Amino acid sequence: MLPRHHLLWLSDAGWVRLQQEAGDERQHAALLHWQRMRWPVVVRRADADAGVDDICAGIALPPDAQGNKPRIALRVRPDEIAGRRAPFLLRDIAAANLSGLPAAWQPGMTELQQHLERAGIAMAVFGSLAWQAVTAQPYVRSSSDIDLLFVPHSRAQLREGVRLLAWQAMFLPLDGEIVFPDGAAVSWKEWRQVAVLGGDEAGRVLVKRLHAVALESVGALVAGLPEQERQPCAA
């Protein structure tokens with residue numbers, strides 16, 4: 001089972017099938033262009049009627065003049081995947097693409113990455129920033145969000161990561177998700193409101209999983225995290 005936001009590169013046979021099933025000429029042209037450029041598709045939440053072997057994925061096209069990003073929903077077969085990888089890390093995106101970001105973001109992005117490095121936390125990117133990094137097309141605007149994926153390895157790291165996000169959100173349009181060990185994803189803003197400011201482990205937050213969306217308790221989600229990150233044993 002592939003997690004949401006993972007990048008998938010498709011075989012030529014997979015692209016040909018998707019193009020044959022395209023809903024209209026514009027979609028067909030977009031898929032053909034994606035194939036020619038060898039750009040990936042991104043894993044999304046599974047459709048309710050998806051088959052057992054269907055991998056639900058998608059493409060977001062660059063925004064139009066009004067800022068709308070047309071999206072194409074796809075279903076990929078396992079044997080059509082030629083390559084895959086986890087989302088790119090913020091530190092890699094920032095190092096390669098800082099000059100292409102809105103000028104108002106650049107000091108805050110540098111500061112955020114410095115704080116994360118000092119805390120030993122790595123966050124990944126998705127959304128407009130990730131699409132721009134992958135395709136070199138102009139997805140990011142001054143009105144865009146910076147969507148981050150935070151996968152904490154301990155409760156202490158969860159607390160510190162949310163604290164850093166909340167602080168840097170005063171200077172950057174930060175959004176995104178906390179992803180727990182079992183794949184449950186929660187908006188970090190909602191988590192902060194319920195779990196941090198509310199301080200109640202019985203509080204419930206909206207959780208996204210690959211096949212479902214439901215309200216779950218804060219306590220159940222943190223139960224899978226140790227208080228401190230386990231250190232590797234010495235040889």
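Worth knowing before you read on, the calculation uses all heavy atoms, side chains too, and leaves out hydrogens, waters and symmetry mates. Treat the numbers as computed from the prediction; the structure is a model and nothing was measured.
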Item to complete: Evaluate whether atom CZ of R44 has more than 12 neighbouring non-hydrogen atoms of other residues, nucleotides or ligands under 6.0 angstrom away.
Response: yes
Response to the item:
Here the gap from L112 atom CG to L148 atom CG, rounded to the nearest 0.5 Å, amounts to 6.5 Å
Discussion item. How close do P152 and L225 get, counting heavy atoms only, and between which atoms?
Written reply: O-CD2, 3.4 Å
Do any side-chain atoms of residues 117-128 form donor-acceptor pairs under 3.5 angstrom with protein atoms, and if so which ones, sequence neighbours left out?
residue, atom, partner, partner atom, Å
E117, OE2, Q113, NE2, 3.3
R118, NH2, H115, ND1, 2.9
S128, OG, K69, NZ, 2.6

Discussion item. Could you report the tightest heavy-atom contact between L206 and E190, atom names first, then the distance?
Written reply: N-OE2, 3.0 Å
Worksheet item: Transitively linked via ILVMFWY side-chain contacts under 4.5 Å: W9 with I59?
Response: yes
Fill in: Closest non-hydrogen atom pair between A103 and P107, with its separation
O-CD, 3.6 Å
Worksheet item: For the hydrophobic clusters of this structure (ILVMFWY residues joined by side-chain heavy atoms under 4.5 Å, transitively), does one cluster hold both Y139 and L174?
Response: yes
Discussion item. Would the distance check show the side chain of Q35 and the main-chain N or O of W15 forming a donor-acceptor pair, the cut-off being under 3.5 Å?
Written reply: no
Item to complete: For W34 and P40, indicate whether the former's side chain and the latter's backbone hold a donor-acceptor pair under 3.5 Å.
Response: yes
Worksheet item: Roughly how far, to the nearest 0.5 Å, is CG of L164 from CD of Q114?
Response: 12.0 Å
Worksheet item: Do L129 and D147 have side-chain heavy atoms sitting under 4.5 Å apart?
Response: no
Item to complete: Please name the pair of heavy atoms, one in M109 and one in L101, separated by the smallest distance, quoted to 0.1 Å.
Response: CE-CD1, 3.8 Å
Worksheet item: Would you say the side chain of V140 lies within less than 4.5 Å of the side chain of P102, judging by non-hydrogen atoms?
Response: yes
Discussion item. Whether the side chain of D182 engages the backbone of A184 through a donor-acceptor N/O pair (distance < 3.5 Å, no angle test) should be reported.
Written reply: yes
Worksheet item: Is the NZ atom of K208 crowded by more than 12 outside heavy atoms at less than 6.0 Å?
Response: no
Worksheet item: In terms of hydrophobic clusters joined by side-chain contacts under 4.5 Å, are V207 and W188 together?
Response: yes
Item to complete: Report whether V205 and V179 are members of the same hydrophobic cluster (ILVMFWY, side-chain heavy atoms less than 4.5 Å apart, transitive linking).
Response: no
Worksheet, complete the sentence: Heavy atoms of G108 and Q168 approach each other most closely as O-NE2, 3.7 Å
Discussion item. Can you confirm whether L31 sits close enough to L74 that some side-chain heavy atom of one is under 4.5 Å from a side-chain heavy atom of the other?
Written reply: yes
Item to complete: Begin with the C-alpha distance, continue with both residues' side-chain angles, and end with the deciding distance and a verdict on side chain to side chain contact (heavy atoms under 4.5 Å, CB included) for L18 and I72.
Response: CA-CA 11 Å; L18 292 173; I72 302 175; over 6 Å; no
Item to complete: Mind checking the CD1-CG spacing from I178 to L165? Nearest 0.5 Å is all I need.
Response: 7.5 Å
Fill in: From CG (L89) to CG (L149), nearest 0.5 Å
10.0 Å
Discussion item. When you compare the side chain of M37 with that of Q137, does any pair of heavy atoms fall below 4.5 Å?
Written reply: no
Discussion item. Minimum heavy-atom separation for W131 and G58, please, with both atom names.
Written reply: CH2-O, 3.8 Å
Discussion item. Looking only at the aromatic ring of each residue, does the gap between the centers of F150 and W191 stay below 6.0 angstrom?
Written reply: no
Worksheet item: Measuring from L61:CG to H33:NE2, what's the distance to the nearest 0.5 Å?
Response: 9.5 Å
Item to complete: Using a 4.5 Å cut-off on heavy atoms from C-beta on, say whether the side chain of D175 contacts that of K189.
Response: yes
Item to complete: Quick one: which residue pairs count as a salt bridge (charged side-chain N to carboxylate O under 4.0 Å, His left out) with a foot in residues 11-21, not counting sequence neighbours?
Response: R17-E21, R17-E80
Worksheet item: Could you give the distance from CG (L116) to CZ (R91), rounded to the nearest 0.5 Å?
Response: 10.0 Å
Worksheet item: Passes side chain to side chain contact (heavy atoms under 4.5 Å, CB included), R45 versus V213? Steps please.
Response: CA-CA 9 Å; R45 195 163 60 84; V213 176; 3.6 Å; yes
Worksheet item: Is there side-chain contact between L2 and I81, with at least one heavy-atom pair below 4.5 Å?
Response: yes
Practice prompt. Quick one: which residue pairs count as a salt bridge (charged side-chain N to carboxylate O under 4.0 Å, His left out) with a foot in residues 153-163, not counting sequence neighbours?
Written response: R159-E227, E160-R163
Worksheet item: Would a distance-only check, ignoring hydrogens and angles, find a side-chain to backbone donor-acceptor pair under 3.5 Å from W105 to L172?
Response: no
Worksheet item: Do V42 and L7 pass the side chain to side chain contact (heavy atoms under 4.5 Å, CB included) test, and can you show the C-alpha distance, the side-chain angles, and the key distance before you say yes or no?
Response: CA-CA 5 Å; V42 174; L7 308 177; 3.6 Å; yes
